[in-house]
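This structure is a prediction, so every number in the text was calculated from the model and none was measured.
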Amino acid sequence: MFRLSFIINYYGVSRMKSFILETQQWLNHRLRQIVWKRWKKVRTKYAMLRNHGIDHEDAMKLANSRKGYWRISRTEILHRAITKEKLIKWGLKDMSLLYERRYLKG
């Protein structure tokens, strides 16, 4: 009986970590999409990308893109502009870090 509960708990922790990781990635993706949508005009998109450290060519290419918000939020350029660290600085909690602090103290 002890072995079975140990195995269930072991794999339960493993699934929880992957679930949290997937959820965190989706949430970061969604937040990048919301930020991109908030920058409505091409001029604003370009200016904000430049403010976040993207060079002229990449900023022009992305700001003038006609692709949808969800698709743009997957681009490497937007990931460089809006990093995970910036999202955390803006108030997003890192779910995996919270989980590790709470449940994996051993």
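- There is no path of hydrophobic side-chain contacts, each under 4.5 Å, that joins M48 to Y46.
- Partners of H79 according to the ring pair (Phe, Tyr, Trp, His ring centres under 6.0 Å) rule, which considers only residues two or more places apart in sequence or in another chain, do not exist here.
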Going through the distances and angles, do K84 and D94 end up as a side chain to side chain contact (heavy atoms under 4.5 Å, CB included)?
CA-CA 9 Å; K84 182 180 174 182; D94 188 4; 3.9 Å; yes
Stepwise, does the salt bridge (charged side-chain N to carboxylate O under 4.0 Å, His left out) test hold for R80 with E76?
CA-CA 6 Å; R80 279 190 288 139; E76 186 261 337; 2.8 Å; yes
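- Hydrophobic clustering (ILVMFWY, side-chain heavy atoms < 4.5 Å, transitive): M60 and L49 are in distinct clusters.
- Looking only at distances, no side-chain donor or acceptor of D58 sits under 3.5 Å from a matching main-chain atom of I54.
- When all heavy atoms are compared, the tightest approach of A81 to K86 is O-NZ, 2.9 Å.
- In terms of modelled atom types and a separation under 3.5 Å, the side chain of R74 and the main chain of H29 share no donor-acceptor contact.
- No donor-acceptor pair under 3.5 Å is formed between the side chain of Q33 and the backbone N or O of S73.
- Side-chain contact check for K67 versus T75: every heavy-atom pair is 4.5 Å or farther apart.
- Grouping the Ile, Leu, Val, Met, Phe, Trp and Tyr side chains by contacts below 4.5 angstrom, directly or via other members, places I88 apart from I20.
- Residues L21 and M95 do not share a hydrophobic cluster, defined by chaining ILVMFWY side chains whose heavy atoms lie under 4.5 Å apart.
- Listed by first then second residue, pairs satisfying side chain to side chain donor-acceptor pair (under 3.5 Å) with a partner in residues 34-45 number zero, not counting sequence neighbours.
- Transitive grouping of hydrophobic side chains (ILVMFWY, heavy atoms separated by less than 4.5 Å) brings Y69 and L78 into a common cluster.
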